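The structure appears below as structure tokens.
Computed from a predicted structure; not experimentally measured. Chain letters run A, B, ... following the sequence lines, proteins first and then strands; every chain starts at 1.
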Amino acid sequence: KAGVTQTPRYLIKTRGQQVTLSCSPISGHRSVSWYQQTPGQGLQFLFEYFSETQRNKGNFPGRFSGRQFSNSRSEMNVSTLELGDSALYLCASSQSGRGTEAFFGQGTRLTVV
Amino acid sequence: SQQGEEDPQALSIQEGENATMNCSYKTSINNLQWYRQNSGRGLVHLILIRSNEREKHSGRLRVTLDTSKKSSSLLITASRAADTASYFCATDIRAGAGSYQLTFGKGTKLSVIP
């Protein structure tokens with residue numbers, strides 16, 4: 001069974017640009033969650049999608065958005081990038097998102113210069 | 001905000017020794033999970049313990065949960081150099097109608113010296 005796939009693995013963007021990250025969950029998993037990891041703040045929850053619907057959202061500005069497609073693949077978008085958005089972005093999939101283990105991708109390392 | 005807090009923040013031990021990491025949390029939980037992260041990579045699920053369980057084992061891992069103290073511990077026995085990683089506890093809490101949120105602590109960085 002293929003694991004969670006995140007693309008791209010590395011990105012370098014300039015302040016003010018926008019970026020789209022992609023996540024393909026494990027086959028059969030309908031819940032996809034996104035996290036931002038930085039040395040200072042640790043792992044911060046961004047949002048969770050289940051069956052194409054955003055079920056939960058963390059405390060991030062509206063510049064951070066996401067969506068989920070009918071095949072459960074998910075994308076997250078960050079507009080008007082700031083230096084502070086430099087982080088490792090992790091995607092996790094689970095069968096239902098409730099009380100079950102989450103499977104993480106390798107992450108996308110975003111650097112904003 | 002962080003729900004879980006791991007202690008210690010960093011731990012250095014010799015190969016073969018046991019490593020114990022602790023996690024405290026603030027609110028009622030559905031379950032508590034432990035994850036491992038090798039440097040700059042994704043998280044790997046280690047073990048899940050439900051709120052009505054007190055202890056769970058998986059290979060060299062032993063997890064305890066004390067809901068009255070809102071704390072958990074992860075014990076790695078007979079550590080190996082390959083156990084060098086950061087370890088996170090994550091609490092699964094109800095976030096709204098039909099939704100649960102996995103909230104992570106800041107982790108314990110374990111170094112196992114060969």
I'd like to know if E82(A) pairs up with R63(A) as an ion pair, taking the criterion as any Lys NZ or Arg NE/NH1/NH2 lying under 4.0 Å from an Asp or Glu carboxylate oxygen.
yes
May I ask you to check whether over 12 heavy atoms, not counting those of K109(B), lie within 6.0 Å of atom NZ?
no
Counting heavy-atom pairs under 4.5 Å with chain B, which one of S33(A), A102(A), G105(A) comes out on top?
A102(A)
For residues F103(A) and H45(B), establish whether the separation of their ring centroids is below 6.0 Å.
no
Do E48(A) and S31(A) have side-chain N/O donor and acceptor atoms under 3.5 Å apart?
yes
Taking side chain as everything from C-beta outward and backbone as N, CA, C, O, which of these in L43(B) sits under 4.5 Å from a heavy atom of chain A? Side chain, backbone, both or neither.
both
Given that the side chain runs from C-beta out, which part of Q6(A) has a heavy atom under 4.5 Å from chain B: side chain, backbone, both or neither?
neither
